[in-house]
Amino acid sequence: MNNFENKKILLIICGGISAYKSLEIIRLLKKRGASVKTILTKSAKEFVTPLSVTSLSQEKVYDDLFSHENEAEMDHISLSRWSDLILVAPTTANTISKLSTGSSDDLASTVILASNKEIFLAPAMNVRMWEHPSTKDNLNKLKNFKYNIIGPDIGDMACGEYGEGKMTEPVEIINHINNYLKNLKNNENLKALVTAGPTHEYIDPVRFISNKSSGKQGYELAKSLKKNGFETTLISGPTNLKPIPGVKQININSADEMFNATLENLPVDVAILSAAVSDYRIKNIEKNKIKKKENMNLNLEKNIDILNHISKHNSLRPKLVIGFAAETNDISKNSKKKLLEKNCDWIIANDVSDNSIGFNSDFNEVSIFYKNMMNEKIPKMKKSLLAEEIVKRVISQLN
Ligand code: CTP
């Protein structure tokens with residue numbers, strides 16, 4: 001199915017021998033009903049001419065950051081805002097290196113740095129360049145920055161050598177992006193709800209019981225769901241994190257407020273309950289600040305378990321209910337127990353005794369326990385990347 005109809009694609013062509021294949025990319029995109037604006041880097045013009053690009057795209061070619069004419073017509077910010085997505089094909093080793101440091105010394109790199117859109121890179125270079133540790137390092141950085149990398153393929157190279165580094169064929173690049181657009185369209189009809197952060201259970205007007213949760217993993221999940229097209233609601237306990245553009249956010253303090261906000265925002269297709277909800281609340285919150293005494297007892301009562309409640313809800317149960325388990329020991333045993341007792345579909349477990357992952361860290365390492373008793377371990381990675389991994393699995397499960 002063609003998902004390119006009326007899509008606006010900004011194609012950036014860098015200087016490599018496979019730049020000639022970019023003309024085919026333009027042709028295929030136009031045939032599928034997309035509008036294509038193109039930026040040529042200085043060295044790309046050694047391989048393809050602006051005239052051939054203009055003839056195929058039927059659009060002016062952009063090439064110079066400091067041109068009055070370009071900036072008057074469409075400046076470097078508007079170019080990225082105009083597009084639905086950006087494709088860089090071919091992406092040379094030099095461009096990969098520049099993007100890994102955020103350098104912006106020409107129009108192409110400036111537009112990419114200033115972009116708020118999904119960016120696809122199709123690398124193409126000699127096998128030795130591709131395998132060089134510096135390229136590998138740079139590429140890892142780009143993956144962390146959430147660029148989408150397509151290919152490269154293995155095969156005979158223009159330079160006569162053989163190996164990995166060939167740009168993926170235009171039709172494959174188009175299929176890859178078409179798939180991304182298809183998922184986006186499908187997901188636009190789907191609703192997601194995420195709970196994140198700690199809760200504050202007040203003792204008196206100035207004191208509360210809480211925990212070490214930063215909310216980072218939940219926010220990254222909401223961000224990734226939104227990016228993948230889901231209509232996303234984030235119910236957040238008190239955190240220091242910034243709201244996510246396009247995500248409906250409801251800020252709460254206590255577990256009780258989180259419970260009510262969750263119910264008010266059902267039904268959804270997927271609920272990911274990543275919040276570290278306090279298990280107990282103070283039975284009688286003091287209206288006035290409690291004065292110091294020799295001894296003090298807190299009278300606690302149990303909070304409602306939100307995950308348990310919605311997993312067992314007859315009419316409003318989301319198709320997919322995912323819980324988290326913060327454990328310090330017996331991770332597998334405790335997670336499987338939670339999975340069964342709370343009747344959810346997956347439990348994502350992490351070891352919070354390790355300070356390099358979990359609470360407040362930017363990294364996480366988790367195991368996912370599935371209802372069918374299978375489980376898988378996802379290695380240590382940035383919380384943002386882990387969120388992408390989890391959302392990828394959510395999409396495939398919902399589809
Ligand atoms: N959870 C919830 N409501 C609660 C307590 C927990 O929705 N009142 C959810 C959390 O958001 C998480 C999962 O339940 O998705 C497991 O939370 P965790 O604190 O690890 O487990 P508990 O059930 O509280 O068990 P324990 O503290 O004994 O490990």
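By convention here, the first residue in the shown sequence is residue 1. Reckoned from all heavy atoms, side chains included, excluding hydrogens, waters and symmetry mates.
V391 and V270 fall within a single hydrophobic cluster, where Ile, Leu, Val, Met, Phe, Trp and Tyr side chains are chained together by heavy-atom contacts under 4.5 Å. I252 and I285 sit in two unconnected hydrophobic clusters of ILVMFWY residues. Membership requires side-chain heavy atoms under 4.5 Å apart, directly or through other members. Note on I12 and V48: separate hydrophobic clusters, where clusters join Ile, Leu, Val, Met, Phe, Trp and Tyr whose side-chain heavy atoms are under 4.5 Å apart, directly or indirectly. Under a hydrophobic clustering in which Ile, Leu, Val, Met, Phe, Trp and Tyr are joined whenever their side-chain heavy atoms come within less than 4.5 Å, directly or via other members, Y20 and I25 fall into different clusters.
Remark: side-chain polar atoms of T135 are not paired, donor with acceptor, to backbone N or O of A93 under 3.5 angstrom. When atom types are taken as modelled, the side chain of D106 and the backbone of S109 share a donor-acceptor pair closer than 3.5 angstrom. At least one donor-acceptor pair under 3.5 Å links the side chain of K117 to the backbone N or O of R81. With hydrogens and angles ignored, the 3.5 Å screen pairs a side-chain donor or acceptor of D84 with a backbone N or O of K8. A donor-acceptor contact shorter than 3.5 Å links the side chain of K383 to the backbone of S361. A distance-only check finds no donor-acceptor pair linking the side chain of T92 to the backbone of G15 [under 3.5 Å]. In this structure, the side chain of S18 does not engage the main chain of K21 through any donor-acceptor pair within 3.5 Å. Not a single donor-acceptor pair under 3.5 Å links the side chain of R317 to the backbone N or O of K312. Remark: side-chain polar atoms of T91 are paired, donor with acceptor, to backbone N or O of A122 under 3.5 angstrom. The main-chain N or O of T168 is never found under 3.5 Å from a side-chain atom of E172 such that the two would form a donor-acceptor pair.
A19 approaches F47 most closely through the heavy-atom pair CB-CB, 3.9 Å. Here the shortest heavy-atom pairing between I244 and Y219 reads CD1-O, 3.3 Å. Of all non-hydrogen atoms in N126 and M157, the two that sit nearest each other are CA-SD, 3.7 Å. Shown here for C14 and T41, the closest heavy-atom pair between the two residues is CA-OG1, 3.5 Å. Closest approach of N3 and K182 over heavy atoms only: ND2-CB, 3.4 Å. Across every non-hydrogen atom of S80 and A114, the tightest pair is OG-O, 3.9 Å.
Taking 4.5 Å as the limit, some side-chain heavy atom of H200 sits within range of a side-chain heavy atom of P238. A heavy-atom distance below 4.5 Å is not found between the side chains of Y180 and N148.
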side-chain contact (heavy atoms from CB on, under 4.5 Å) between V206 and D204, intermediate numbers included: CA-CA 6 Å; V206 293; D204 68 13; 3.4 Å; yes
Verdict with supporting geometry, R393 and I378, side-chain contact (heavy atoms from CB on, under 4.5 Å): CA-CA 12 Å; R393 286 161 179 76; I378 305 190; 3.9 Å; yes
R128/E131 under salt bridge (Lys or Arg N to Asp or Glu O under 4.0 Å): CA gap, chis, key distance, verdict: CA-CA 5 Å; R128 300 274 164 258; E131 284 173 354; 3.4 Å; yes
Residue pair D105, K42: steps toward the salt bridge (Lys or Arg N to Asp or Glu O under 4.0 Å) verdict: CA-CA 11 Å; D105 60 354; K42 191 161 170 259; over 6 Å; no
Worked check of salt bridge (Lys or Arg N to Asp or Glu O under 4.0 Å) between K382 and E220: CA-CA 10 Å; K382 279 190 105 169; E220 289 298 342; over 6 Å; no
side-chain contact (heavy atoms from CB on, under 4.5 Å) between K371 and N343, intermediate numbers included: CA-CA 9 Å; K371 211 176 190 166; N343 192 36; 4.2 Å; yes
Stepwise salt bridge (Lys or Arg N to Asp or Glu O under 4.0 Å) test for K392 and E389: CA-CA 5 Å; K392 227 190 273 172; E389 287 299 320; 3.2 Å; yes
V36 vs F4, side-chain contact (heavy atoms from CB on, under 4.5 Å): CA-CA, chis, key distance, verdict: CA-CA 11 Å; V36 186; F4 281 102; over 6 Å; no
Test log, rule side-chain hydrogen bond (donor to acceptor under 3.5 Å, both in side chains), inputs N299 and E301: CA-CA 7 Å; N299 194 358; E301 63 184 357; over 6 Å; no
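The salt bridge (Lys or Arg N to Asp or Glu O under 4.0 Å) search around D156 returns none, not counting sequence neighbours. Remark: L79 engages L10, K37, I39, Y62, M74, L107, V111 in a side-chain contact (heavy atoms from CB on, under 4.5 Å) (not counting sequence neighbours).
Atom CE of M296 sits in a crowded spot, with more than 12 heavy atoms from other residues, nucleotides or ligands closer than 6.0 Å. Around the NZ atom of K30, the shell of radius 6.0 Å holds more than 12 heavy atoms that belong to other residues, nucleotides or ligands. More than 12 heavy atoms of other residues, nucleotides or ligands sit less than 6.0 Å from atom NZ of K136. Around the NZ atom of K337, the shell of radius 6.0 Å holds no more than 12 heavy atoms that belong to other residues, nucleotides or ligands. Enclosure of atom CG in N284 is not indicated, since only 12 or fewer non-hydrogen atoms of other residues, nucleotides or ligands lie within 6.0 angstrom.
Legend: ring pair (Phe, Tyr, Trp, His ring centres under 6.0 Å) pairs involving residues 237-285, not counting sequence neighbours, sorted by first then second residue: F259-H309.
For the atom pair CD1 (I368) and CG (D345), the distance works out to 12.5 Å, reported to the nearest 0.5 Å. Atom CE of M373 sits about 9.5 Å away from atom CG of N375, to the nearest 0.5 Å. Taking CG of L225 as the start and CD1 of I395 as the end, the distance is 7.5 Å to the nearest 0.5 Å. The line from OG1 of T38 to CD1 of I26 is 4.0 Å long, rounded to the nearest 0.5 Å. Distance CD/E169 to CG/N175: 11.5 Å, rounded to 0.5 Å. Atom CD of E231 and atom CG of L193 lie 11.0 Å apart (nearest 0.5 Å).
In summary, of the residues considered (N138, D137, N144), a side-chain hydrogen bond (donor to acceptor under 3.5 Å, both in side chains) with S100 occurs for N138 alone. Here the rule is side chain to side chain contact (heavy atoms under 4.5 Å, CB included) with I272, and of L221, T195, V321 only L221 fits it.
One finds a salt bridge joining D269 and K319 here, because a Lys/Arg side-chain nitrogen approaches an Asp/Glu carboxylate oxygen to under 4.0 Å.
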